[in-house]
Amino acid sequence: MAKSNILALFLSLLMLSAAAALDVDVTKHGAKQNADISQALRDAWKEACAATTPSKVLIPQGTYQLSPVTMEGPCKAAIELQVKGTLKALTDPANVKDAGSWVSFNKIEHLTVSGGGTFDGQGAVAPSECEKDDYCKKRPINLSFNAITNSVVQDVTSLNSKQFHINVIGAKNFTFQRVTVTAPEESLNTDGIHVGRSSGVTITDSKIGTGDDCISIGDGTQQMEINKIDCGPGHGISVGSLGKYQNEQPVVGIRVRECNISNTSNGVRIKTWPASYPGTASDLHFEDIKMNNVSNPILLDQVYCPHNQCNAKVPSRVKLDRVSFKNIRGTSATAVAIKLACSGGVPCEGVELADISLTYTGPEGPIKSECTNIQPKTSGKMNPPPCIARATPSGSAIPGRRRLSFNF
């Protein structure tokens, strides 16, 4: 979202807040510290959502238990959930499996979530029933936002989710700022913020450390801005994975700028499945990124195949076009600092590298780049030097020259 649009959105929400006629404190609906306040929150939300002037639901300072709850819209006017306290998810197995999401927001316009409080999913103390082979899919997401428009989430923390921390689907003009996401590095499938089938989403000035992608971008995401993010630990900032499911929507217009990535297993990454359904991703740009001890700092991976649960011999059918990596600097934890593995079936087009300055001092040998089915355009300083892979007209690599590496 352009800066002018963000400013206009905040001014609009500020004016609406200034005219607020109704503040609803959950304690007035029976909420008590160290007890489950889900019914009190539902009742407070229902009252505020019915107001014809802007309203606010307040969760004051303190610690509260919360079972899964949904804030339903549409509401009749702008609404704010101000969380000043700490909300703790229940840890009983009956409240862990098959919940979908812990706290959900559905079909709301002019929503604000704020207050400096914490949503503690208690994933670190929940029963260990999560197996790698099912990606923990039966465990609840901390915060889900579905069909949210012209809204803001700011100054809140998501802690120890049992699955994804924040999931955004079907949003339009939605900003996250000064958001903190924290989970252990070893926690499975705990993506910080996942966005799919949304337009005009901005994530800025936030700190994210998890056991999976700091930010992941799913199909149908368009015109998304990510900037001033501190990412790590985790798996970096990723577009994808794409191509696993039929009828995925195009990804268009993703800009990642001015981020710091530290101690992650990947840096900036695009990932698509081999043997995939057809799809497209275009206009993807990563710029002004600082890496600190990052494995695979620049990774374009069209043979993404975790746990070997796919046919890696069949090329991806996701078309990548207009992709750039510019002014990326810092230290790599792996000798291969740039890896561009494009599809042999629908080769990447318009891939550009510019002003790359990465160093590596580990035992794996000199720093290098590797390429498959791609000849990127390069400019400015390049360390490691770029690699070139030639391909036949059909898209498969020339025998004996499929992958070329350049060392420095």
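Values below: all heavy atoms of this structure, side chains included; hydrogens, waters and symmetry mates excluded.
Taking OG from Ser161 and CD1 from Ile141, the interatomic distance works out to 7.5 Å, rounded to the nearest 0.5 Å. Within the model, atoms CD1 of Ile254 and CD of Glu225 stand 9.0 Å from one another, a figure rounded to the nearest 0.5 Å. Taking CD1 of Ile356 as the reference point, atom CD1 of Ile328 lies at 4.5 Å (rounded to 0.5 Å). Once rounded to the nearest 0.5 Å, the distance linking CG of Leu299 with CG of Leu340 reads 8.5 Å. Atom CZ of Arg317 sits about 8.5 Å away from atom OH of Tyr277, to the nearest 0.5 Å. In this structure, Thr272 OG1 and Lys244 NZ are separated by 13.0 Å, a value rounded to the nearest 0.5 Å.
Of all heavy-atom pairs spanning Lys162 and Ala89, the tightest one is NZ-CB, 3.5 Å. When all heavy atoms of Ser276 and Ser316 are compared, the closest pair comes out as OG-OG, 3.4 Å. The two atoms that bring Ser216 and Asp191 nearest to each other are OG-OD2, 2.9 Å, heavy atoms only. Heavy-atom minimum distance, Gly345 versus Pro315: N-CB, 3.5 Å. When all heavy atoms of Cys310 and Pro274 are compared, the closest pair comes out as SG-CG, 3.8 Å. Looking at every heavy atom in both residues, His165 comes nearest to Asn142 through O-CB, 3.1 Å.
Between Leu90 and Gln65, the closest side-chain pair of non-hydrogen atoms falls below 4.5 Å. Counting heavy atoms from C-beta on, the side chains of Gln223 and Val252 come closer than 4.5 Å. Proximity of Leu87 to Ile37: side-chain heavy atoms (C-beta onward) are separated by under 4.5 Å at one or more points. Residues Asn189 and Phe164 have side chains in contact (heavy-atom distance under 4.5 Å, counting atoms from C-beta outward). Residues Ile217 and Ile226 meet the side-chain proximity criterion, which asks for heavy atoms closer than 4.5 Å. At least one side-chain heavy atom of Leu111 sits less than 4.5 Å from a side-chain heavy atom of Phe105. Side-chain contact between Ile203 and Met224 is present, with heavy atoms from C-beta onward closer than 4.5 Å. No side-chain heavy atom of Leu300 sits less than 4.5 Å from a side-chain heavy atom of Lys339.
Residues Asp213 and Ser238 bring a donor and an acceptor atom of their side chains to less than 3.5 Å of each other.
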Could you walk me through whether Glu80 and Ser114 pass the side-chain hydrogen bond (donor to acceptor under 3.5 Å, both in side chains) check?
CA-CA 8 Å; Glu80 179 176 1; Ser114 66; 2.5 Å; yes
Take Asp36 and Ser67, measure what side-chain hydrogen bond (donor to acceptor under 3.5 Å, both in side chains) needs, and give me the verdict at the end.
CA-CA 7 Å; Asp36 187 353; Ser67 56; 3.0 Å; yes
Run Lys290 and Cys259 through side chain to side chain contact (heavy atoms under 4.5 Å, CB included) and show every step you take.
CA-CA 6 Å; Lys290 185 175 181 180; Cys259 296; over 6 Å; no
Test side-chain hydrogen bond (donor to acceptor under 3.5 Å, both in side chains) on Glu287 and Asn327 and set out the steps.
CA-CA 6 Å; Glu287 187 170 3; Asn327 193 26; over 6 Å; no
Derivation and outcome, side chain to side chain contact (heavy atoms under 4.5 Å, CB included), residues Ile79 and His110:
CA-CA 6 Å; Ile79 188 166; His110 296 305; over 6 Å; no
Steps toward salt bridge (charged side-chain N to carboxylate O under 4.0 Å, His left out) verdict (Arg257, Asp288):
CA-CA 6 Å; Arg257 300 179 293 110; Asp288 297 328; over 6 Å; no
Just do the side-chain hydrogen bond (donor to acceptor under 3.5 Å, both in side chains) check on Thr27 and Asp25 with the steps written out, would you?
CA-CA 5 Å; Thr27 62; Asp25 190 322; 2.7 Å; yes
Verdict with supporting geometry, Arg322 and Val351, side chain to side chain contact (heavy atoms under 4.5 Å, CB included):
CA-CA 6 Å; Arg322 303 191 310 279; Val351 177; over 6 Å; no
Intermediate values then yes/no, salt bridge (charged side-chain N to carboxylate O under 4.0 Å, His left out), Lys46 and Glu72
CA-CA 8 Å; Lys46 184 176 180 180; Glu72 286 284 358; over 6 Å; no
Step-by-step side chain to side chain contact (heavy atoms under 4.5 Å, CB included) determination, Leu242 to Glu248:
CA-CA 8 Å; Leu242 302 175; Glu248 290 186 358; 4.0 Å; yes
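The closest donor-acceptor contact from the side chain of Gln302 to the backbone of Val318 lies under 3.5 Å. Of the possible polar contacts, one joining the Thr331 side chain to the Asn293 backbone as a donor-acceptor pair under 3.5 Å is found. For the pair Thr63 (side chain) and Thr86 (backbone), a donor-acceptor distance under 3.5 Å is absent. Under a 3.5 Å cut-off, the side chain of Ser104 and the backbone N or O of Thr70 do not form any donor-acceptor pair. In this structure, the side chain of Ser151 engages the main chain of Thr149 through a donor-acceptor pair within 3.5 Å. Between the side chain of Ser198 and the backbone N or O of Gly196 there is at least one donor-acceptor pair closer than 3.5 Å. Of the possible polar contacts, one joining the Ser55 side chain to the Ala48 backbone as a donor-acceptor pair under 3.5 Å is found. At least one donor-acceptor pair closer than 3.5 Å links the side chain of Thr221 to the backbone N or O of Val195. Distance alone, capped at 3.5 Å, places no donor-acceptor pair between the Ser295 side chain and the Thr334 backbone. Counting only distance, with no hydrogens or angles, the side chain of Ser101 and the backbone of Val103 share no donor-acceptor pair below 3.5 Å.
A salt bridge does not link Asp301 to Lys271: none of the charged side-chain nitrogens sits closer than 4.0 Å to a carboxylate oxygen. Remark: Arg197 engages Asp219 in a salt bridge, criterion side-chain N to carboxylate O under 4.0 Å. Electrostatic pairing of Asp355 and Arg329 does not count as a salt bridge here, judged by no charged N lying under 4.0 Å from a carboxylate O.
Two rings, from Phe145 and Phe174, have their centers less than 6.0 Å apart.
By the 30° and 60° cut-offs, the orientation of the rings of Phe325 relative to Phe286 is parallel.
Not less than 2.5 angstrom separates the SG atom of Cys342 from that of Cys371.
No option in Val181, Val153, Thr180, Ile229 other than Ile229 meets the side chain to side chain contact (heavy atoms under 4.5 Å, CB included) test with Ser206.
Other residues, nucleotides and ligands contribute only 12 or fewer heavy atoms inside 6.0 Å of the CD atom of Gln61.
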